[in-house]
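To start, the structure under review is shown below, and the notes come after it.
Residue numbers start from 1 in every chain, and the chains themselves are labelled A, B, ... in the order their sequence lines are given, proteins ahead of strands.
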Amino acid sequence: MTVLEARGVSKAFGQVAALRSADLRLEAGQVHGLLGENGAGKSTLVGILTGLQAPDSGVVAVGGQPVARLTPGSARALGIACIHQQPALVPDLSVAENLALRLDPPRALGRVRRDRWRSRALDLLERAGGGVDPDTEAGALPLPLRQRVEIACALGSGARVLLMDEPTASLARPDQERLLALVRSLRASEVAILYISHRLEEVAALADRVTVLRDGATVATLPAGPGRSGPHDVAGWVRLMIDRDPPAGHAAPATAADRGDGIVDPRPPLALGLRAIGCRAVGIQDVSMDLPAGRITGLAGLVGSGRTGLARILAGLDPADAGTLEMDGRKVHARTPAEAIALGIACLPEDRRRHGVICGMSVAANLALASPGRVFPGGWLRAQAERDLAGHWIRALSIRTPGPAAEVGTLSGGNQQKVALGRWLATSPRVLVLDEPTQGVDVGAKAEIHRIIRDLAGSGMAILLISSDLPELLSLSDHLHVFRAGRCVAGFPGGSPADVVMAAALGVEAAVARPPGEDAP
Amino acid sequence: MSTDLRRARPVALVLGVLAVILAVTAPGFFSRAQLAPFLAGTAPVLVVACGMAVLMVTREVDVSVGSQFALCSVLLGLLLGEGCPPALGIPAAVAAGALLGAVNGALAAGLRLPGLVVTLGTLAIGREALRWAREGRFVQDLPPSVQWLGLGQSLGQWALALAALAVATAVSLGLQGLMAGRWVHAAGSDPAAAATVGVPVRRVTFGAFTLLGALTGLAAALNVARFTDVDPKTGAGLEMQVIAAALIGGVSIEGGRGGILGVSLGVLLLAALSPALVFLGIPPEWERVLQGAIVLASVAGGTRRAPGRPTP
């Protein structure tokens, strides 16, 4: 029996389409796996099914009846519950109070029934796996137990549909197993479960059916199930997740080795070497890699694999507590951002931080911020030097702004990114780290950013490119490293087949991802 | 400079209107005999407000400036009473203020405590320390040599006003011309982003608290010079006066934005309100009401104009 269905659902954020006519059907008493790369549209789909986001087109149907305007409240009333990666509980209230807050009707003058809340919480928590005292403050609970409270809440609301977004991502092994057992028992009680996970073995062991999303569209819904989905199915899923045409506009990987002049330089000089770098604060261990001058080094991995952590180490924001950095054969330190800048390491943070632009300051002040020596010679501002610097980068990167004095906050996102990039290029860096430079950027702007990255590498800069867009990474990078769980687990030459790289990022055996007898595309 | 001018425009407009009303209805207000003491009395407030503006641009606030002001005033009064020459006493007052500010700064930046909480504490401690030490006694009979900028001497009063103007100009130029000025704006506008480009955010916070303390010490000296004795309860309510002036002058309570020009005009506007009401024959009870209304109006106007704040 179909309890929740999305038919032809589309959703765009600005010019970026997150979902293109996606379909999904959840049946009672079944676990439905939802697979897809970062940015394939999984979270957007969950947002639409829980009423957090309204689809631009398409239909959401509950129990066969189309629902016109799903809101978080009406979704809950219809029996749809979601277990988030980061449970949203009120930290200063007890577990029992948190449950009451969500389960009882919101009446300002409703009475506090401590004993009833407590016994209900006890009962629900027991069904969700136990081990939680209803009187503890929610903020004092470790993450796995907070998640258990969320599940208890879903049980208490009589949910018929449970959406689970990476529920085991932050759990240790025994907690994972307990959660999987719980999912099975919920299935037995006729709940429909949508299970999103990057851990494909888990999905294979658990799911009755699997839907693969790619670029916001449903590419396949396949039967699965223990015994039915073997390793070959997992390999097939991986191919479905990543198989797509490379973005238009570039063919072969750009190698500095034969860039233009025909002179082949097989071993370019090393701009920066990482030797067994580790940092507890960002959960990175034993990372070694070379960043050669004039080359683009790619960094692949799932969100949370430690890619951004490595960028923070190189930027001096979270200095390494193990290993060494090497430059010109000497050991160097990047213990503060100022030290990193002095070494010639520039890091463009990801879009979530607005790439690090300071919105309340002018374009010129932002561009000059990392190069004080040029604009404040002898300590005092030389307005002409600042105007020249700003003018230069506004032209060089074609930043669209009313003028150098305009506040950066008034520019479009793409132009803010260019301001951030210009700020770092103004420091004449030897190493440029780019964290998701094309995330949420439309196709035209993407091509422009790709061109800029190639030009910079061509000018001799060493580039470390972090991206979730695997085809982009494969086509731009001369060499590619794959991160998983804070470690560098594999390295590939540019232009390697995407499924092999993806398998390494997911931790599936490459031999499994590629069935015997099948050659690289 | 242009953004400074733009931000100061609303307060300049209101101040201009008030000046025109006064010029028409009470031209006596602009006589030298009226203007000199008015400006001399405003000078200490302006000096403190400059420091407060810098601190507020870093997204912090200090509500203990009133007690710092009183501590420095009493210290200076006692030193002068002991026969210490003003050339030594005034730097001592500035140093004492800087020390008090540095304590606030160390607590706020070093322990990452909110400045409001820290300075609520130091406000109470400072006031209680004074009450315990002085038991309400004034520091009296300051030697006449101290009154070198004294009351009644029109020349001395102009000198006080000019000293405050010089401080405001210096702070304004520093905010615009020094890298540290950029740091102040960057740290207040988006501390996380500022850290990525090597802005020493916590040192900036510490420095702004210390600067405010030093300027408060200087303001105390400018105030002591006007009287023959020192009230240990002096400076009560000073914090609200200067915070209000900063807000009126276009400093954002959320940090990142603000300039000294607007703040200076804000100080003048608030100070002119009381004599203006007297000249216009409006009951003085209306002064606080008007002050509050002006602060609300300028803050409401400011938020409407501020574009593109990063959402946390």
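Among A/G379, A/A315, A/A370, the residue making the largest number of heavy-atom pairs under 4.5 Å with chain B is A/G379.
B/S298 contributes a side-chain N or O that, together with a main-chain N or O of B/V295, makes up a donor-acceptor pair within less than 3.5 Å. Put simply, the side chain of A/R307 gets close to the backbone of A/G301: a donor and an acceptor are under 3.5 Å apart.
Using a 4.0 Å cut-off between charged side-chain N and carboxylate O, A/E386 and B/R182 make a salt bridge.
With a 4.5 Å cut-off on non-hydrogen atoms, A/L369 touches chain B through its backbone and its side chain both. Only the side chain of A/R423 comes within less than 4.5 Å of a heavy atom in chain B; its backbone stays farther off.
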Per-pair distances, 0.1 Å, donor-acceptor, side chain in residues 90-114 of chain B, under 3.5 Å, sequence neighbours excluded:
| residue | atom | partner | partner atom | Å |
| --- | --- | --- | --- | --- |
| B/N104 | OD1 | B/T122 | OG1 | 2.9 |
| B/N104 | ND2 | B/D62 | OD2 | 3.3 |
| B/N104 | ND2 | B/S64 | OG | 3.1 |

